[in-house]
Protein chains: 2
Amino acid sequence: MKFSKKSEYGLRALLELTRAYGSTTLQRHDIAVRQHIPVEFLEQILLALKRAGLLSSKRGAKGGYRLIKQPKDISLGSVIRILDGPLAPIGCVSKTAYQKCSDCPYANHAHCPVQQVMGSVRDAIADILDNYTLADFAAGSKHT
Amino acid sequence: MKFSKKSEYGLRALLELTRAYGSTTLQRHDIAVRQHIPVEFLEQILLALKRAGLLSSKRGAKGGYRLIKQPKDISLGSVIRILDGPLAPIGCVSKTAYQKCSDCPYANHAHCPVQQVMGSVRDAIADILDNYTLADFAAGSKHT
DNA sequence: CAAATTGTTGATTAACTCACTCATGTTTAC
DNA sequence: GTAAACATGAGTGAGTTAATCAACAATTTG
């Protein structure tokens with residue numbers, strides 16, 4: 001039940017990009033040094049975030065990455081879904097990537113005990129992460 | 001961010017054992033058939049739960065497993081910790097198995113943004129799973 | 001006692017994922 | 001044109017997951 005390094009690095013990279021939002025672009029090298037992330041691995045992450053529409057990049061000398069959405073409009077939940085997949089602890093309670101459980105004797109029943117608990121776990125996680133934005137994150141707290 | 005099959009199977013097996021609590025013992029074979037779990041894999045799970053003090057077993061013909069603690073005294077959280085390890089989404093916010101993060105530039109600071117969010121995620125998950133017992137689970141709902 | 005039944009233990013496995021790493025491109029600034 | 005930077009895809013070693021297998025130990029029943 002862990003988040004991957006990919007998500008963790010992704011969030012830490014976005015922390016740097018949020019701080020630079022509106023002013024400068026950041027190069028992968030600088031982000032990597034500041035956050036102690038292996039450069040080549042970081043690149044995969046930045047590209048995934050770019051493909052998902054969070055970042056833009058500029059090639060060549062003086063290039064770099066920057067946020068193209070406002071920090072207050074990007075939730076940590078959406079970032080983690082991009083990098084790590086669904087938040088749900090088991091497939092059959094995912095709202096963004098539902099998967100029928102193959103072997104459960106309660107499959108297709110709404111009264112599966114596992115689904116009931118895991119559903120509320122999913123909701124609790126999503127409630128936090130989908131309402132916590134990069135702006136909150138960079139500020140070090142969630143403002144209500 | 002998923003729970004393993006081991007945890008899922010473990011919970012489903014305990015569902016059967018909770019239903020049989022106080023009356024009969026259940027053999028691994030019967031549990032496996034009712035819950036569609038591979039017998040040999042189920043055995044590893046039952047033995048882990050036995051070592052953890054939740055089950056007792058009897059060998060030989062007419063043998064089997066049974067719960068030795070009351071269903072209302074076993075939380076789903078404790079079961080998952082036995083089978084899957086800590087609930088925390090990253091090591092540095094685990095209360096039962098804390099691990100210092102090696103590469104985080106905020107390590108040792110109480111103000112690490114990642115720790116703040118992940119800490120509240122951990123608490124939300126633990127709040128649910130540590131207060132949900134096998135009795136609630138078998139009843140199909142949490143009674144307050 | 002013998003045979004059948006069941007739990008116990010440990011080793012082994014195939015498939016997969018994670019966290020990188022490498023090689024090779026392509027674009028841009030100067 | 002050349003150095004700096006992003007882009008892409010392939011590859012890799014370590015570890016995990018989900019089983020599977022083999023051999024053994026204890027108990028009951030005939």
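Everything numeric in this text was worked out from a predicted model, so none of it was measured. So you know, we letter chains A, B, ... as the sequences are listed, proteins then strands, and number each from 1.
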Tell me, with the steps shown, if A/Arg12 and A/Glu16 meet salt bridge (Lys or Arg N to Asp or Glu O under 4.0 Å). CA-CA 7 Å; A/Arg12 300 225 307 262; A/Glu16 297 293 334; over 6 Å; no

Check every atom of [options] against the side chain of [X] and return the nucleotide holding the closest atom.
| X | options | value |
| --- | --- | --- |
| B/Arg28 | D/dA19, C/dA19, C/dT8 | C/dT8 |
| B/Phe41 | D/dT20, C/dT28, C/dA19 | D/dT20 |
| A/Pro38 | C/dC20, D/dA7, D/dT28 | C/dC20 |
| A/Leu47 | D/dA7, D/dC21, C/dA19 | D/dA7 |

Is the shortest side-chain heavy-atom distance between A/Cys104 and A/Cys112 below 4.5 Å?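 Yes, side chains in contact.
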
Can you confirm whether B/Leu49 sits close enough to B/Leu17 that some side-chain heavy atom of one is under 4.5 Å from a side-chain heavy atom of the other?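 When only atoms from C-beta onward are counted, B/Leu17 and B/Leu49 do not touch, as no gap falls below 4.5 Å.
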
Specify the residue among B/Gly64 and A/Ala61 whose closest nucleotide of DNA chain C lies further upstream toward the 5′ end.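 Upstream on the strand: B/Gly64.
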
In whole Å, what is the span from the [atom1] atom of [X] to the [atom2] atom of [N]?
| X | N | atom1 | atom2 | answer |
| --- | --- | --- | --- | --- |
| B/Lys5 | D/dA18 | NZ | C1' | 10 Å |
| B/Leu42 | D/dA19 | CG | P | 11 Å |
| B/Glu43 | C/dT5 | CD | P | 16 Å |
| A/Glu40 | C/dA23 | CD | C1' | 11 Å |
| A/Leu83 | C/dC18 | CG | C1' | 14 Å |
| B/Lys50 | C/dT6 | NZ | C1' | 12 Å |
| B/Arg59 | C/dG7 | CZ | P | 10 Å |
| B/Asp84 | D/dT16 | CG | P | 12 Å |

When you measure from the side-chain N and O atoms of A/Tyr9 to the phosphate of C/dC18, is any distance below 4.0 Å, counting only OP1 and OP2?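 For C/dC18, OP1/OP2 do not have a side-chain N/O of A/Tyr9 under 4.0 Å.
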
With a 4.0 Å cutoff (strictly under), does any side-chain N or O of A/Ser57 reach OP1 or OP2 of D/dA7?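 So the side-chain polar atoms of A/Ser57 do come within 4.0 Å of the phosphate oxygens OP1 or OP2 of D/dA7, strictly under.
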
Minimal non-hydrogen separation, A/Ile128 against B/Ser120, with atom names: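 Result for this residue pair: CD1-O, 3.4 Å.
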
Presence of donor-acceptor pair under 3.5 Å, side chain of A/Gln44 and base of C/dT21: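 It does, because a donor-acceptor pair links the side chain of A/Gln44 to the base of C/dT21 below 3.5 Å.
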
Look at the side chain of A/Gln27 against the base of D/dA4 and say whether a donor-acceptor pair falls under 3.5 Å; ignore hydrogens and angles.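 Side chain to base: no pair below 3.5 Å.
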
Checking side-chain contact (heavy atoms from CB on, under 4.5 Å) between A/Pro71 and each of A/Ile74, A/Leu67, A/Asp73, which is the one that passes?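 Among A/Ile74, A/Leu67, A/Asp73, the one that satisfies the side-chain contact (heavy atoms from CB on, under 4.5 Å) with A/Pro71 is A/Leu67.
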
Counting any heavy atom closer than 4.0 Å, what does A/Lys2 reach on the DNA or RNA strands: base, sugar-phosphate only, or nothing?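 A/Lys2: no heavy atom of the nucleic acid under 4.0 Å.
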
Using the closest heavy atom to pick a nucleotide of DNA chain D for each, name whichever of A/Tyr65 or B/Val39 lands nearer the 5' end.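 It is A/Tyr65, whose closest nucleotide lies nearer the 5' terminus.
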
